[in-house]
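Below, read A as the first sequence line, B as the second, and so on, with proteins coming before strands; counting in each chain starts at 1. Owing to the predicted nature of the structure, the values given are computational and were not obtained by experimental measurement.
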Amino acid sequence: MQYWLMKSEPDEVSIDDVMSAKDKTVPWFGVRNYQARNFMRDAMQEGDGVLFYHSSCPEPGIAGIAEVASGPYPDATQFDPKSHYYDAKATQEQPRWISVDVKGVRKTRLLSLAEMRTLPQLADMVVLQKGSRLSITPVTAAQWKQVLALLKGA
DNA sequence: GCCAACGTTGGC
DNA sequence: GCCAACGTTGGC
């Protein structure tokens, strides 16, 4: 069992979108970074815990709890010429990009990035490190516990 | 819109 | 393999 922080632009897929989706489950499409892809492909397992993070928005921060709900499979958007995420170098035989399904557990209060930065117990989170841009980052069990405690009942 | 930081591309 | 140029991310 591992834990992850996954960034999503709420304009594209918000925690509300996830919680109102069928089975509260959405495909995590559009990852176009090899390191993030490799986390999904090589390290994630069904049932892993996910901190659902809103990025590139007025108030970035953790907006909910989710879980990994599938193994890795090819990201359909890479094959779609109309998609923003289309990749001409990807083929059905040799996909480059993958998705996993993510299932919402609950929407929480927003634990804003600004608040996270004030908390010493979260200072080591990968997402808070200078220059960190990865859309998927590992979270330690201790960090997971701390964040859940901060979001308890909210 | 700005810009720091990181990632990718491609010439050599 | 190096590295300059360019592209992207994402907070502010």
Side-chain angles (χ1 to χ4, degrees), chain A residues 2-21 26-44 48-68 70 72-140 142-144 146-151 154:
Chain A
Q2 290 184 262
Y3 305 97
W4 308 94
L5 181 143
M6 298 175 78
K7 294 181 185 174
S8 181
E9 300 188 14
D11 283 352
E12 191 152 31
V13 182
S14 72
I15 186 69
D16 290 323
D17 295 331
V18 174
M19 295 310 289
S20 61
V26 297
W28 204 265
F29 61 90
V31 169
R32 293 294 180 269
N33 169 283
Y34 290 106
Q35 209 178 335
R37 179 202 68 181
N38 293 347
F39 281 142
M40 289 196 289
R41 188 189 61 191
D42 304 333
M44 270 188 188
D48 280 0
V50 173
L51 301 175
F52 193 100
Y53 181 96
H54 284 173
S55 71
S56 294
C57 59
E59 271 201 296
I62 294 168
I65 307 296
E67 64 185 30
V68 177
S70 79
Y73 58 90
D75 178 343
T77 63
Q78 70 192 303
F79 307 124
D80 177 3
K82 292 190 295 293
S83 169
H84 172 64
Y85 296 110
Y86 177 64
D87 184 341
K89 292 179 183 163
T91 64
Q92 297 281 347
E93 296 71 32
Q94 290 213 308
R96 292 179 113 187
W97 306 111
I98 65 148
S99 293
V100 298
D101 286 343
V102 170
K103 178 173 182 157
V105 173
R106 65 188 181 96
K107 181 179 179 176
T108 64
R109 77 172 175 92
L110 185 79
L111 176 57
S112 73
L113 178 61
E115 181 177 353
M116 291 170 73
R117 290 201 186 283
T118 69
L119 299 169
Q121 67 269 36
L122 301 184
D124 291 336
M125 285 186 75
V126 177
V127 73
L128 299 182
Q129 303 313 301
K130 183 176 166 145
S132 168
R133 297 186 314 174
L134 263 188
S135 63
I136 299 175
T137 50
V139 171
T140 68
Q143 291 160 356
W144 173 264
Q146 295 282 357
V147 170
L148 259 62
L150 289 161
L151 295 175

| Sequence-distant partners of A:Q146, side-chain contact (heavy atoms from CB on, under 4.5 Å), two or more places apart |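 Here the qualifying residues are A:Q121, A:L122.
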
| task | Taking side-chain contact (heavy atoms from CB on, under 4.5 Å) as the test, write out the residues that go with A:V127, two or more places apart. | result |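 In terms of side-chain contact (heavy atoms from CB on, under 4.5 Å), with neighbours along the sequence ignored, A:V127 is linked to A:L5, A:K7, A:M116, A:M125, A:T137.
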
| task | For A:Q35, answer base if it contacts any base atom (sugar-phosphate contacts may also be present), sugar-phosphate if it contacts only those atoms, and nothing otherwise; contact means non-hydrogen atoms under 4.0 Å. | result |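 A:Q35: backbone/sugar contact only, no base atoms under 4.0 Å.
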
Solution key, residues 52-65 of chain A side-chain donor-acceptor pairs under 3.5 Å, sequence neighbours excluded:
unit_1, atom_1, unit_2, atom_2, d
A:H54, NE2, A:I15, N, 3.0

| field | Contact interval (first through last nucleotide) of DNA chain C with protein chain A, 4.0 Å heavy-atom | value |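 Endpoints of the contacted stretch of DNA chain C: C:dG7 to C:dC12.
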
| message | The criterion is ring-ring contact (aromatic ring centres under 6.0 Å, His included); which residues satisfy it with A:Y73, sequence neighbours excluded? | response |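 None.
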
| request: Applying ring-ring contact (aromatic ring centres under 6.0 Å, His included), name anything that partners A:F79, two or more places apart in sequence or on another chain. | output: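 Checked A:F79 against ring-ring contact (aromatic ring centres under 6.0 Å, His included); zero matches.
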
